[in-house]
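Quick notes on the structure that follows.
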Amino acid sequence: MTQEYRLKKNGYINRNKKISFKFNGKKYFGFEGDTLASALLANGVHLVGRSFKYHRPRGFLGAGVDEPNAKFQLYSKETTEPNIVATEIELVEGLVAKSQNCWPSVNFDFGAINNLLSKIFPAGFYYKTFMWPKNFWYKIYEPIIRRAAGLGIAPMKPDNDRYEHKFEFCDVLVVGSGPSGLAGALAAAKNGARVILAEDKSRFGGSLLNDEVTIGNKKGKDWADETILQLKSMSNVIVKNRSQVFGYYDHNMMVMIERTKDHIEKPTKYTPRQKLWYIRTKETILSTGSIERPLVFGNNDRPGIMLASAAKEYLKTYGVLVGKKPIIFSNNDGAYDLAIEFKKNGIDPLVIDIREKSNSTAVKEAKNLGIDIKFSHAIANTNGYKKVNSATIGKLNKDKTGYENLENVSCDCICVSGNWTPTVHLSSQSGNKLKFQEKIDAFVPEKSKQNESTVGSAKGIFTLKESLEDGFKLGYELSNKITKKNIKSSIPPSNERNQDRHDKFWCMPLPKNKDYKRCVDFQNDVYVSDIELAVREGFRSIEHVKRYTTLGMATDQGKTSNLNGLQLVSNIEKKIIPEVGHTTFRPPYTPITIGAIVGREVGKHYRPTRKSPMHLWHEKNNAVFVDAGLWLRPRYYKQGNETLQDAAKREATNVRNNIGICDVTSLGKIDIKGSDSAEFLNRIYTNAWMKLPVGKARYGVMLREDGIVFDDGTTTRISENHFHMTTTTAQAANVLSHLEYYLQVVWPDLDVNVLSTTEQWAGVALAGPNSRNLLGKLFPNIDVSNEALPFMGFKKGDLFGVPARIFRISFSGELAFEINVESGYGIFMWEKIMELGKEMNIEPYGTEALSTLRIEMGHVAGSEIDGRVIPSDLSLDGMISKKKDFIGKRSLNRQAFVELDREKIVGVVPIDKKTMIPEGSHLVANRNASLPNPKLGHISASCWSVEYNNPFSLAILKDGKKRIGEKLYALSPLKNKSIEVEIVSSHYVDPKGERVRS
Amino acid sequence: MLEIKCPYCGKRSQNEFSYGGDAAVKRPELGKEVSDKEWDNFVYLRKNPRGNHREFWHHVAGCRQWFKVLRDTSTHEIFKTARLDEEL
């Protein structure tokens, strides 16, 4: 009994290719060209899910993106994906899917007990129920809610699929390939515009696929196929199916998701799963169509009850009957198309029409075919637990508040039509203020803020003739604006059934003494009674009603429910809908995989990695790397089984005793040239620069305008009007922008140019008592004595033929030099130094040893320059020039900045001389004080002092200088430590700075 | 994502630029006596209007020039961009 509901003919599926798939553990067959939904329906499967809250049995409601019920968990060999919409997924061999939100199975679901208890779970029950007792929240309520919440199961492994990003430009982007979209695309393309046509489904044509219409004496579908072929043949047109434009962003930036893999039976390893397109367009034609609204009546959410348009699509596109004894329930003429299709395929439908009569050709044709139509009738209730099996119908009384009679009619499906809701999401996202159109009881776009135009049924135009005219006209007009060409396309004649007015009545009354559940939002389980309750409890704003009841908040974003919810609120409030307004449409229109948004920027491609020219050497010599901004820097060079701390001690000790070499390429370097360079530095830095001699370096501190320390570094005068500035690794880019701002915006009269040269120079620091000896060997022709190259001196040199810059600067506090050569010679320099330094016991040192050296010297770095300190907090008072003005100087007079007990830098040593103090620990006076224990300061950096062989830390401490000698406590609740400490000077080693000058 | 016309390079996407604050703010001249209030205004106080706003942008991932933009803060419409030496 396979595919019992598949017709012998009809549909655009490939009947020559049978495809097997598994659903809830059972094997089924469908055809190539099916969706998972159409294949299940061909096999008569209607019960596919359970509702979100009450676990009521649910079947398919729609056939496209609007489907609220059929959300499945998809399984493949490697992974699983939740919330897949069955109507959107194309059938491929071996597909495995399961219903979600049910246990143990969709047939017998334990959670269905919620339906019996539904009286205690109305809208807002969260807010009322879980308030007391207070301590129940963490241990009882939250775990239970967490288990019950959500739909599918999130995959636990990384997503192995590839997702790509693509950037594209065009003159006219057409969203949707229905009649008006095709017309717009064709007219614009013929008039020379660069056009992109995007269709969400796998097939082009929109309503033309399922409507009995003719265009230019051809069947609608044939015209669509020919138009697509024509567009594809044009070099100025990109035609994309399986592509959903889901967001309309600023300045006509549209974002589209293209499905490129899941429909392919045997994709290659490198086939991207999805492509995210960023499309910047000049004009947009939104031919996004419309979505049918359900009618609301008792138990209208049973499996087998679906939208008439969906039933028609299953029949026409897939050759699938959604039932063999259908009832069609409608308030308009659109559903008669379906009735006629049923009849033509040998099925006798019963039509229940709310209206008293209709004079449309559709109804006449139906009558002529002998279709049973009951006007002025409605469905009051339905029966059948796992699938609908009968409907209670009755004649509506005059004012439609009740029924004159009620009778039971058996059926196996009910196809409902409550008229059409234009798909205005993208239009609204573009900034369009929507207006309510009485004629169709729905919102339509008005004038947009952006270059957006809506056509066809998305604008409330429901005849083919007008849609085509509208599309052709707009396509021409928009392209004419851009191309200035005047090539007009002729509009083909069309033929369709005409339609009479719909009846705005949509929510059926309950029979006397009955309180059947009437569903409004299928996915989020919101019923008429919930919305009535919300209004009764005082929620007036539609946004509040939405949040209280969760109407329209699920993954389908209320595509089928929003307008019905609005109508209900307006009915209860006796307001007209425009007064109630509508909730905000936000992107994405359909759910988007996180992977697609991230694209290829995952793992190590998350951001670029910067490596110094000596990186390979570090790798070969067992360097363990650390991220320093985008840079990878050696943290330590591991020997044997040593730990980070062991290695840092060994490397730092060797610097203090012999000589070490450190890769400092990542330091920011900025070349400054121009006749006003010294004046510019004088304004940028806090200290004086005018009199710095050529061949000398100076340490400088920069402030922000608010007086906070921004960055520090040394700058060297290479020649009269040429300076070489260094910045910290972290702030290099910001300092450059800062300099450019002042040069371009504030002082354009200064003759100064700045350029980043960070990557042009490879840099090493040589530090330790042997460094001068080694320098002499590296540059035998240069006098490197203390007199010729004193502390803060600079010389150009020749490193075995390679031009080099030698700076006598020191971060380690030892006698030290930094050598720069052009990046390409970096590795040559490094290896030469290692070779010649061998006899002096040279060893490379990483950032951990570097930190150790600078911490015990009391040199500040990023952990102290944390965006909260002014120079005097760091004992840099001496760096502040009294004689000149500079950026941020005026702020240093602020009351808060001149107070004497500010937090200042100090050194901290544990009393036991053994326990390392965790960075971030708080300094307090009393370790046992009740919480919150008043904080006096915090530990900014910690190391094992190799000079004194005990732990040493830097701290920023309130009134720090006066506390030197005091005993305090360092508390780290995270590490569960409480350490007795002594406050000492931050200059722990060589406080007079004799070594650097030696 | 905004589309910003750099006066030097032409139209580019926002991700090439960084925002640089209110262009109406003028830094007090160096060395000039400035009252607390004046300095406070310069460093901290910004109008933050809903509607037209003159502001600086920096073409960071491009020509590295600072320039001026007239933008509506609520609709993001950009009416005009100009070089620093041009009227906006």
Side-chain angles (χ1 to χ4, degrees), chain A residues 165 167 169 247-255 278-282 430-433 448-451 679-680 682-684 703-708 733-734 736-750 753-756 883-895, chain B residues 1-5 7-8 11-45 55-69 71-79 83-86:
Chain A
H165 285 183
F167 294 82
F169 301 85
Y248 200 130
Y249 297 89
D250 289 313
H251 297 183
N252 300 300
M253 165 68 84
M254 314 285 284
V255 186
Y278 292 92
I279 303 169
R280 183 82 69 179
T281 178
K282 293 197 177 108
S430 80
N432 198 314
K433 291 266 174 259
S448 179
K449 281 179 186 141
Q450 302 204 42
N451 296 350
E679 169 65 26
F680 179 54
N682 217 34
R683 298 178 185 186
I684 290 286
L703 306 187
R704 312 190 308 214
E705 290 286 17
D706 63 1
I708 299 292
N734 296 336
L736 185 67
S737 290
H738 178 77
L739 300 184
E740 285 168 336
Y741 175 83
Y742 282 95
L743 284 175
Q744 294 174 27
V745 178
V746 185
W747 304 310
D749 50 314
L750 289 184
N753 281 294
V754 292
L755 188 69
S756 166
K883 291 183 188 147
K884 57 140 195 177
D885 197 3
F886 53 84
I887 291 169
K889 186 177 191 183
R890 178 65 181 80
S891 289
L892 297 179
N893 294 340
R894 278 184 53 195
Q895 181 66 36
Chain B
M1 200 184 330
L2 306 186
E3 187 180 42
I4 300 169
K5 189 182 167 193
Y8 303 91
K11 280 185 176 175
R12 296 285 194 277
S13 273
Q14 185 186 346
N15 47 4
E16 290 189 15
F17 299 88
S18 76
Y19 177 69
D22 190 339
V25 175
K26 225 175 136 51
R27 193 192 192 282
E29 270 176 51
L30 275 180
K32 203 183 121 193
E33 277 282 308
V34 186
S35 70
D36 281 352
K37 196 169 171 77
E38 227 178 310
W39 188 254
D40 187 47
N41 269 333
F42 160 63
V43 176
Y44 297 106
L45 294 184
E55 57 204 21
F56 289 124
W57 285 77
H58 189 199
H59 198 180
V60 170
C63 63
R64 296 209 62 96
Q65 295 300 304
W66 287 85
F67 60 94
K68 293 184 279 191
V69 174
R71 181 179 66 102
D72 187 307
T73 55
S74 65
T75 64
H76 291 315
E77 188 174 352
I78 290 177
F79 304 102
R83 289 164 22 173
L84 294 170
D85 57 2
E86 290 172 342

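Throughout, protein chains are lettered first and strands after them, A, B, ... in sequence-line order, and every chain is numbered starting at 1.
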Q) Is it the side chain or the backbone of B/V34 that comes within 4.5 Å of chain A heavy atoms, both, or neither? A) both

Q. Relative to chain B, which segment of A/R704 carries a heavy atom at a distance below 4.5 Å: side chain, backbone, both, or neither?
A. neither

Q | Heavy-atom proximity to chain B below 4.5 Å, by part of A/L743 | A | neither

Q: Measure from the side-chain N and O atoms of A/R890 to the backbone N and O of B/W39, and report whether any donor-acceptor pair falls under 3.5 Å.
A: no

Q: Go through A/M253, A/R280, A/K449 and name the one with the most non-hydrogen pairs under 4.5 angstrom from chain B.
A: A/R280

Q. Is it the side chain or the backbone of A/F169 that comes within 4.5 Å of chain B heavy atoms, both, or neither?
A. neither

Q. In terms of heavy-atom proximity below 4.5 Å to chain B, should A/V746 be classed as side chain, backbone, both, or neither?
A. side chain

(Q) Please classify the contact of B/F67 with chain A as side chain, backbone, both or neither, using a heavy-atom distance under 4.5 Å. (A) neither

**Q.** When A/G431, A/S737, A/G888 are compared by non-hydrogen pairs under 4.5 Å with chain B, the top option
**A.** A/S737

(Q) Check whether A/Q744 reaches the backbone of B/R64 with its side chain - one donor and one acceptor, N or O, closer than 3.5 Å. (A) yes

(Q) Using 0.5 Å steps for rounding, measure from the CZ atom of A/F886 to the CG atom of B/L30. (A) 10.5 Å

(Q) Please report the interatomic distance OH(A/Y278) to OG(B/S13), rounded to the nearest 0.5 Å. (A) 10.0 Å

Q. Using non-hydrogen atoms only, which part of B/D85 is less than 4.5 Å away from chain A: side chain, backbone, both, or neither?
A. neither

**Q.** A/K884, NZ atom: more than 12 neighbouring heavy atoms under 6.0 Å
**A.** yes

**Q.** Member of B/H76, B/M1, B/E77 meeting the side-chain contact (heavy atoms from CB on, under 4.5 Å) criterion with A/D250
**A.** B/H76

Q. So, do B/Q14 and A/H251 sit near enough that their side-chain heavy atoms are less than 4.5 Å apart?
A. no

Q: May I ask you to test the A/Y741-B/H58 pair for a side-chain heavy-atom distance under 4.5 Å?
A: no

(Q) With a 4.5 Å cut-off on side-chain heavy atoms, are A/S891 and B/V43 touching? (A) yes

(Q) If I take atom CZ from residue B/R27 and atom CD1 from residue A/I887, how far apart are they, to the nearest 0.5 angstrom? (A) 6.0 Å

